[in-house]
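The next block holds one structure in the form of structure tokens; read it before the comments.
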Amino acid sequence: MKVVVVGAGYAGTIAANRLAKKVRTAEITVVNPRPDFVERVRLHEQIAGTGSAATPLTSMLGEAVTTRTGTVGKIGDGQVALEDGADLDFDFLFLAVGSTVAPLPGTVPVGTWEGAQEARTALAALPGGRTVTVIGGGLTGIETASEIAAARPDLRVRIVGETIGESLSAGARKRVRTALARLHVEVVEDLVAGIEAGAGEAGGDVVRPRSHPRFTSDLTLWAIIGSVPDLAARSGLEVDAEGRAVVDAHLRSVTDPRIFAVGDCAAVPGSRAACATAMPQGAHAADTLARMIQNREPKPYSMGYIGQAVSLGRRDGLLQAVRTDDTARHIYFAGRASAAIKERVCRYAKFSTRTAAYAWLRGPK
């Protein structure tokens, strides 16, 4: 049995490793654009130069799994066409291409490996006294602004977003604002109407908020997840309005049941883009395929959230308790201990992806 996994993020990597353990006769090939596993939860560290987000795939995947560096152009009837002209046959396929970023012109995206590398280089070359603007008030934007401000106190750091920490409780949002103020991060709660690249003083950008006065920025980072790759749509699979592959209760494509869609590129109701979402989906899809091969009835997918974790520099963090449907509770924890727990969560995510030893809560009924 030939299995192809397209994408080696959290969902694709744990799916490949888990299936390799459960179905030892499977020939599993993982196709990924780069030879590394990227911890997206550490991209803000990669940008600020406080950590590394890349690990060779050879150390993340089991010995029985074959890796192929390349980009998939299209998925056909039991065949994967690579952009280099090669074809791979499959009996089953895991689509795990994740999400991508559609930044405004003139900004550098922080949610991709390539963007993070570009941002890291640009930030390292930035003299003291210059301004860095992070666009996006979600957890990615908060972590990016905090990490840069803590690592480079010689810079002026600004975060722009309609709401800072919208997914958090009111108390947690207030605590985040306190942490940002302590790091001297300027907060602008507004939407960005546009960027005039290189139109400011000394070649800096001009950022135009909708309501606030425009300002200049020497490095403008885009911290908003915009879309998913169009591979599913390009391959003729049914997708939703956001381009995510529509799946059944077992995470199989409703167009082709030989294809499982997992992670950010799967249209699973109630899910958000996160490793906490990708890992249980990848693991469940592998379990489902193993059950099918063993002529056992597959179980429907169910997953519930526990919390949201955000780092506020290396020495501060916040843990937001949530209901299983991911809505925030009033309970949150913050401070140095929370930063240490957030670090453990990141390490556990990588460990579980590599070992495929992972369990999760069932979702709301």
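- Side-chain atoms of D154 do not come within 3.5 Å of backbone N or O of G129 as any donor-acceptor pair.
- Remark: the backbone N or O of A267 is not paired with any side-chain donor or acceptor of S271 at under 3.5 angstrom.
- Smallest separation of non-hydrogen atoms from A245 and A232: CB-CB, 4.1 Å.
- Between D256 atom CG and F92 atom CZ the span is 9.5 Å, to the nearest 0.5 Å.
- For T121, there are no side chain to side chain contact (heavy atoms under 4.5 Å, CB included) partners, not counting sequence neighbours.
- More than 12 heavy atoms of other residues, nucleotides or ligands sit less than 6.0 Å from atom CZ of R182.
- Atoms CZ and CE, on R252 and M292 in that order, are 5.0 Å from each other to the nearest 0.5 Å.
- Between G317 and S338 the shortest heavy-atom distance is O-CB, 3.5 Å.
- The shortest side-chain heavy-atom distance between M303 and Q281 does not fall under the 4.5 Å cut-off.
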**CA sep, side-chain torsions, deciding dist, call: Y301, V247, side-chain contact (heavy atoms from CB on, under 4.5 Å)** = CA-CA 11 Å; Y301 173 72; V247 295; over 6 Å; no
**Request:** Starting from the C-alpha separation in whole Å, work towards a yes-or-no answer on side-chain contact (heavy atoms from CB on, under 4.5 Å) for H212 and E189.
**Result:** CA-CA 9 Å; H212 290 72; E189 287 198 316; 5.6 Å; no
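- The backbone N or O of E238 sits less than 3.5 Å from a side-chain atom of T255, completing a donor-acceptor pair.
- Other residues, nucleotides and ligands place more than 12 heavy atoms under 6.0 Å from the CD atom of Q294.
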Return a table of donor-acceptor pairs under 3.5 angstrom between the side chains of residues 49-57 and protein atoms on other chains or two or more places apart.
residue, atom, partner, partner atom, Å
T50, OG1, E147, OE2, 2.7
T55, OG1, K350, NZ, 2.7

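- No option in I159, L126, D218 other than L126 meets the side chain to side chain contact (heavy atoms under 4.5 Å, CB included) test with V132.
- Placement of V157 and L312 within a single hydrophobic cluster is found when ILVMFWY residues are connected by side-chain heavy-atom separations under 4.5 Å, directly or transitively.
- In this structure, the side chain of T288 does not engage the main chain of P298 through any donor-acceptor pair within 3.5 Å.
- Using a 4.5 Å heavy-atom cutoff, the side chains of L95 and C265 are in contact.
- The shortest heavy-atom contact between G128 and L155 is CA-CD2, 4.2 Å.
- The same ILVMFWY cluster, assembled from side-chain heavy atoms under 4.5 Å apart, contains both L104 and V160.
- Using modelled atom types, one finds a donor on one side chain and an acceptor on the other under 3.5 Å when comparing S311 with E143.
- Side-chain heavy atoms closer than 4.5 Å link hydrophobic residues (I, L, V, M, F, W, Y) into clusters, and following such links, even through other members, never connects I224 to I47.
- The nearest pair of heavy atoms linking A328 to V322 is CA-CG1, 4.1 Å.
- V207 is not connected to L123 by any chain of hydrophobic side-chain contacts under 4.5 Å among Ile, Leu, Val, Met, Phe, Trp and Tyr, and they are in different clusters.
- The backbone N or O of I142 sits nowhere less than 3.5 Å from a side-chain atom of H44 that would complete a donor-acceptor pair.
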**Request:** Take R234 and L231 through the test side-chain contact (heavy atoms from CB on, under 4.5 Å) and record every step on the way to the result.
**Result:** CA-CA 5 Å; R234 195 167 66 241; L231 178 59; 3.4 Å; yes
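- When side chains are defined from C-beta on, E343 counts as touching R314, because their heavy atoms get closer than 4.5 Å.
- Side-chain atoms of V23 and I28, non-hydrogen and from C-beta on, never get closer than 4.5 Å to each other.
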Identify all side-chain donor-acceptor contacts of residues 191-200 below 3.5 Å with residues at least two apart in sequence or on another chain.
residue, atom, partner, partner atom, Å
E196, OE2, R208, NE, 3.1
E196, OE2, R214, NH1, 3.3

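- Between R244 and V239 there is no side-chain heavy-atom pair separated by less than 4.5 Å.
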**Asked** Between L168 and L318, does a side-chain contact (heavy atoms from CB on, under 4.5 Å) hold up when you go through it step by step?
**Response** CA-CA 10 Å; L168 305 174; L318 185 140; 4.3 Å; yes
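- Around atom CD of E83, more than 12 heavy atoms belonging to other residues, nucleotides or ligands sit under 6.0 Å away.
- Summarising the local packing, OH of Y348 is surrounded by more than 12 heavy atoms from other residues, nucleotides or ligands at distances under 6.0 Å.
- Nearest heavy-atom pair, A149 versus V185, reported as atom, atom and distance to 0.1 Å: CB-CG2, 3.5 Å.
- Interatomic distance, CG of D77 versus CD of Q79, reported as 9.0 Å (0.5 Å rounding).
- Remark: the backbone N or O of A285 is not paired with any side-chain donor or acceptor of H250 at under 3.5 angstrom.
- To the nearest 0.5 Å, atoms OG1 (T144) and CG (L221) are separated by 7.0 Å.
- Residue pairs meeting the side-chain hydrogen bond (donor to acceptor under 3.5 Å, both in side chains) criterion with at least one partner in residues 10-30, sequence neighbours excluded, are R18-D287.
- Only one option out of V30, N32, L82 pairs with R68 in a side chain to side chain contact (heavy atoms under 4.5 Å, CB included); it is L82.
- Residue pairs that meet the salt bridge (Lys or Arg N to Asp or Glu O under 4.0 Å) test with at least one member in residues 96-121, sequence neighbours left out, are R34-E114.
- Looking at heavy atoms from C-beta onward, V5 lies out of side-chain contact with V65 at the 4.5 angstrom threshold.
- Here CZ of R175 is found 12.5 Å from CD of Q320. Values are rounded to the nearest 0.5 Å.
- Partners of S99 according to the side chain to side chain contact (heavy atoms under 4.5 Å, CB included) rule, which considers only residues two or more places apart in sequence or in another chain, are R40, I225, V228, D264.
- Both Y305 and M279 are assigned to one and the same hydrophobic cluster, defined by single-linkage of ILVMFWY side chains at heavy-atom distances under 4.5 Å.
- Taking the ring centre of F215 as origin, the terminal cationic atom of R158 falls inside the region bounded by 6.0 Å and 45° from the ring axis.
- Considering only heavy atoms from C-beta on, S167 stays 4.5 Å or farther from R272 through its side chain.
- Taken from CG in L61 to OG1 in T353, the straight-line distance is 10.5 Å, to the nearest 0.5 Å.
- Of all heavy-atom pairs between P229 and V97, the closest is CG-O, 3.8 Å.
- Inter-residue side-chain proximity for T216 and T131 is flagged as unmet; no heavy-atom pair is nearer than 4.5 Å.
- A side-chain donor-acceptor contact under 3.5 Å links S235 to the backbone of I75.
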